[in-house]
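A note on names: the letters A, B, ... follow the listed sequences, proteins ahead of strands, and every chain is numbered from 1.
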Number of protein chains: 2
Amino acid sequence: MARAAARQGMRKSEATRLRILDAAARVFARRGYADTRLSDIAEEAGTFAGSIYYHFESREELVEAVLTLGVTGVFEAVRTRVEALPPGSSHRTRLTAAIETHLAFALTQDPFATANQRLFAQVPADIRQRQIHLHRAYGEYWRKLLEGARRAGEIRRDLDLSVLRLQILGAVNWTVEWYKPGKRSIEQIAAQLATTIFDGIAA
Amino acid sequence: MARAAARQGMRKSEATRLRILDAAARVFARRGYADTRLSDIAEEAGTFAGSIYYHFESREELVEAVLTLGVTGVFEAVRTRVEALPPGSSHRTRLTAAIETHLAFALTQDPFATANQRLFAQVPADIRQRQIHLHRAYGEYWRKLLEGARRAGEIRRDLDLSVLRLQILGAVNWTVEWYKPGKRSIEQIAAQLATTIFDGIAA
DNA sequence: GTCTATAAAGCGATAGAC
DNA sequence: GTCTATCGCTTTATAGAC
């Protein structure tokens, strides 16, 4: 189910706005930024390009709304999952849970997350600029996860944590460019990512 | 020096064509696909948008030429470097060299490589389709590197090599989105990537 | 071969009917 | 609130002068 789709008992206009947002997230996730027209989004939403302007000021506003919901959704999901772990869980368990949740969200559960992942590197610099604080906040969360693990002695002391964080998120984010449902489960992919990140690939 | 810039003793038209190609690679690498106009490229090349059409049929042809030079250039550089290693070098050495070379090329040495990395996920599906065989060939090369390492007993037998390959290339490719010259050297980043991939991050 | 002018097309955005 | 018609800008692409 799409994240914006809780439409019970709301004004008609609000419901339509969310329908357009959902449609935009799906189309952007599928075709990327440059190859998506307002008419594509309208068609996916069962309306017309001109009608979108009753709900959104511009194409940019629509894109930015999708990006914002994407990054905040993943952030919330990851934090919720990590905080729900039994107290005293190892940092390895915490990091593995974060990787799994981020991956599941980005790959199958949320078109906003997928769209955000694909689009963030594609949109013009001014749009990216207005989104950067949200990405930084999420990055900060990961930095704390990694710092916690290091303080607890669960990861090596000789690593640059910024590079490590970008390395992990790079590998995780790149999956949206190649993952096709069916062949491998998300859990399998997440498990291999987690084990190779912690234990390496050397025999 | 840009890869297409060997202009000694060639026809004027050929030289201009290469000047436009270099300019296109730099602008695409900097601004991405959606945010780059032919007029931007023309300006970078010291000419005019209309003049580009004497050398290229269309914007698409220009983009595709940049993408092709990008991926083939990295492929050649990596293969050359790996093959230049002393015979009997360990597979770890070979993989580390491949990571280093790919990274150096993508981050600083070649705007075509940078552009290819950034643009491949951004261009419309039909363009990507026409490039996919080149990417597959490069992916095949990595697959063989990893298979060789596994056969030699240098990496674990329980890993899905496709996921591993995409994980490594994902982490490496993502660097073009965050790397800024100055703070850390390419060698430092490559070294940390290689050591964490092989040995993991666990203390 | 390169420049200037302009045509042609696509698409975001607006206006007004309903 | 939504639809249809259309405007106007942007950008690719072409034509023709030099």
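Between A:R17 atom CZ and D:dG1 atom P there is a gap of 13 Å when expressed in whole angstrom units. Distance, A:F48 CZ to D:dT4 P: 4 Å, rounded to whole Å. Per the geometry, CD1 belonging to A:I41 stands 16 Å off P belonging to D:dT2, to the nearest Å. Atom CZ in A:F56 sits roughly 14 Å away from atom P in D:dG1 (whole-Å rounding). Taking atom NE2 of residue B:H55 and atom C1' of nucleotide D:dA13, one finds them 15 Å apart after rounding to whole Å. To the nearest angstrom, P of D:dT11 lies 8 Å from CG of B:D40.
Environment of CD in A:E43: sparse, with no more than 12 heavy atoms of neighbouring residues, nucleotides or ligands closer than 6.0 Å.
Legend: ring-ring contact (aromatic ring centres under 6.0 Å, His included) pairs involving residues 19-70 of chain B, not counting sequence neighbours: none detected.
The phosphate of D:dG1 has OP1 or OP2 within less than 4.0 Å of a side-chain N or O from A:S13. Look at B:T16 and you won't find any side-chain N or O under 4.0 angstrom from OP1 or OP2 of C:dG1.
Checked against A:E44 for a salt bridge (Lys or Arg N to Asp or Glu O under 4.0 Å), the options A:R30, A:R19, A:R37 give a single hit: A:R30.
Listed by chain and number, the residues in a ring pair (Phe, Tyr, Trp, His ring centres under 6.0 Å) with A:F120 are A:H135 (sequence neighbours excluded).
Ion pairing between a basic and an acidic side chain is recognised when a charged N comes within 4.0 Å of a carboxylate O; B:E147 and B:K144 show no such pairing.
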At under 4.0 Å between heavy atoms, how does the protein contact nucleotides 11-18 of chain C? Give one character per nucleotide, 5' to 3', with B, S or -. SSBB----
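When each of C:dT2, D:dG1, C:dC3 is scored by its nearest atom to the side-chain atoms of B:Y54, the top-ranked nucleotide is C:dT2.
Of the possible polar contacts, one joining the B:R156 side chain to the A:G200 backbone as a donor-acceptor pair under 3.5 Å is found.
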